[in-house]
Amino acid sequence: HQPSTMSPPDAAIEEDTAAARKARMQALCAKRNLQAKQEFEERKAEEERTTERSSGFRIVDRCVRQEKWDAAMRGKDLVPIGHLGGLLRSQNNKVVIGILFAIGKPEVNKSSEWKITDLDPQAPAEASVILTGRAFEHWGNGKEVKVGQIIGLLNPQLSCRSGAMLVTFETQVVKLGTSPSLGFCQAADDGRRCQRPCHQEGSGYCVLHERRSHGDRHLMSQAKARKRRRI
């Protein structure tokens, strides 16, 4: 083993170089950490901007500022679409929030019907909204709303029909914005599209057809095609 022949100046230069490398690495790590933190905060801000806080729905084209809606929701109970029995509990004001997926035509009895969903990926719930009285006069022609809009219903009444609510006054309906998540099932039964509401970011099928494997859907489609050819 030969002893080191590095002179003191050379050793000092080596130490300075190592210290410089360490400082550069530390600066690079700090820069990366700052960038990661900024990206996280930007994603969080974007998520908050595109999320309706009360329901958790993704939202675009807001009709009501989130802060204003938060203030309006204060002291009110949020009733899930799948548990409308909650409309009968407590004396607090109630709100149901849903995504509009069907708009019925005005009926001769001066009423019309909408259908809303919560697009729950595991067990999506649906409900009907029956418009009567002043609510029908204002909203019943269907021109003030569009499929895909997120609506809030203030103190709707349970209908005698299962899964249906009654809205009588136009002020009970609030348009909050639009859901970018609403899609419609592309499965075909008897040659007709299912068209049940489904999550746009999922498989493109409603829960019922999603549970069937791709092979099952293909075999079913072939069997129905053969049956139609025999008729």
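Numbers here simply count residues along the sequence, with the first being 1. All values below come from the heavy atoms of this structure, side chains included, with hydrogens, waters and symmetry mates left out.
- In this structure the side chain of S179 never reaches within 4.5 angstrom of the side chain of F57, judged on heavy atoms.
- Across all non-hydrogen atoms, the minimal contact from Y205 to C185 is CA-SG, 3.7 Å.
- When all heavy atoms of R58 and I150 are compared, the closest pair comes out as O-CD1, 3.5 Å.
- In terms of modelled atom types and a separation under 3.5 Å, the side chain of E52 and the main chain of S54 share a donor-acceptor contact.
- Residues V174 and I151 have side chains not in contact (no heavy-atom distance under 4.5 Å, counting atoms from C-beta outward).
- Side-chain contact between V167 and T132 is absent, with no heavy-atom pair separated by less than 4.5 Å.
- Using a 4.5 Å cut-off on side-chain heavy atoms (C-beta onward), F136 and S112 make contact.
- Nearest heavy atom pair, residue L100 against residue K146, reads CD2-O, 3.6 Å.
- Around NE2 of H83, the count of heavy atoms belonging to other residues, nucleotides or ligands within 6.0 Å does not exceed 12.
- The closest side-chain heavy-atom distance from V207 to P124 is below 4.5 Å.
- At distances below 3.5 Å, not a single donor-acceptor pair connects side-chain atoms of N92 with backbone N or O atoms of K76.
- Residues I97 and L87 share a hydrophobic cluster, clusters being chains of Ile/Leu/Val/Met/Phe/Trp/Tyr side chains in contact below 4.5 Å.
- By the 4.5 Å heavy-atom criterion applied to side chains, L131 and S111 are not counted as neighbours.
- The two atoms that bring V145 and K175 nearest to each other are CG1-CD, 3.9 Å, heavy atoms only.
- Cluster membership for I103 and L166, using ILVMFWY side-chain heavy atoms within less than 4.5 angstrom, is not shared.
- The heavy-atom pair separating V95 from L154 by the smallest distance is CG2-CD2, 3.7 Å.
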Do R161 and I130 pass the side-chain contact (heavy atoms from CB on, under 4.5 Å) test, and can you show the C-alpha distance, the side-chain angles, and the key distance before you say yes or no? CA-CA 10 Å; R161 214 176 82 201; I130 301 170; 3.9 Å; yes
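- Between I99 and G148, the shortest heavy-atom distance links the atoms CG2-O, 4.0 Å.
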Show, in sequence, the C-alpha distance, side-chain angles and deciding distance for Q186 and C194, and conclude whether the side-chain contact (heavy atoms from CB on, under 4.5 Å) test is met. CA-CA 6 Å; Q186 297 302 301; C194 167; over 6 Å; no
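- By the side-chain contact (heavy atoms from CB on, under 4.5 Å) test, R134 pairs with E137, F169, E170, sequence neighbours left out.
- Using modelled atom types, no side-chain atom of Q149 and backbone atom of L176 make a donor-acceptor pair closer than 3.5 Å.
- Atom OG of residue S55 and atom CG of residue L119 lie 10.5 Å apart, to the nearest 0.5 angstrom.
- In summary, E126 and R196 engage in a salt bridge, as defined by a charged side-chain N under 4.0 Å from a carboxylate O.
- We find that K115 and E113 are joined by a salt bridge, their nearest charged nitrogen and carboxylate oxygen being less than 4.0 Å apart.
- When side chains are defined from C-beta on, D77 does not count as touching N93, because their heavy atoms never get closer than 4.5 Å.
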Take M165 and L153, measure what side-chain contact (heavy atoms from CB on, under 4.5 Å) needs, and give me the verdict at the end. CA-CA 10 Å; M165 297 169 282; L153 303 171; 3.8 Å; yes
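- With contacts defined as side-chain heavy-atom distances shorter than 4.5 Å, the pair W114/W139 qualifies.
- Formation of a donor-acceptor pair under 3.5 Å by the T117 side chain with backbone atoms of A125 is found in this model.
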Does the side-chain contact (heavy atoms from CB on, under 4.5 Å) test come out yes or no for I116 and V96, once each step is laid out? CA-CA 10 Å; I116 59 174; V96 177; 4.3 Å; yes
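- Hydrophobic clustering (ILVMFWY, side-chain heavy atoms < 4.5 Å, transitive): V60 and V147 are in distinct clusters.
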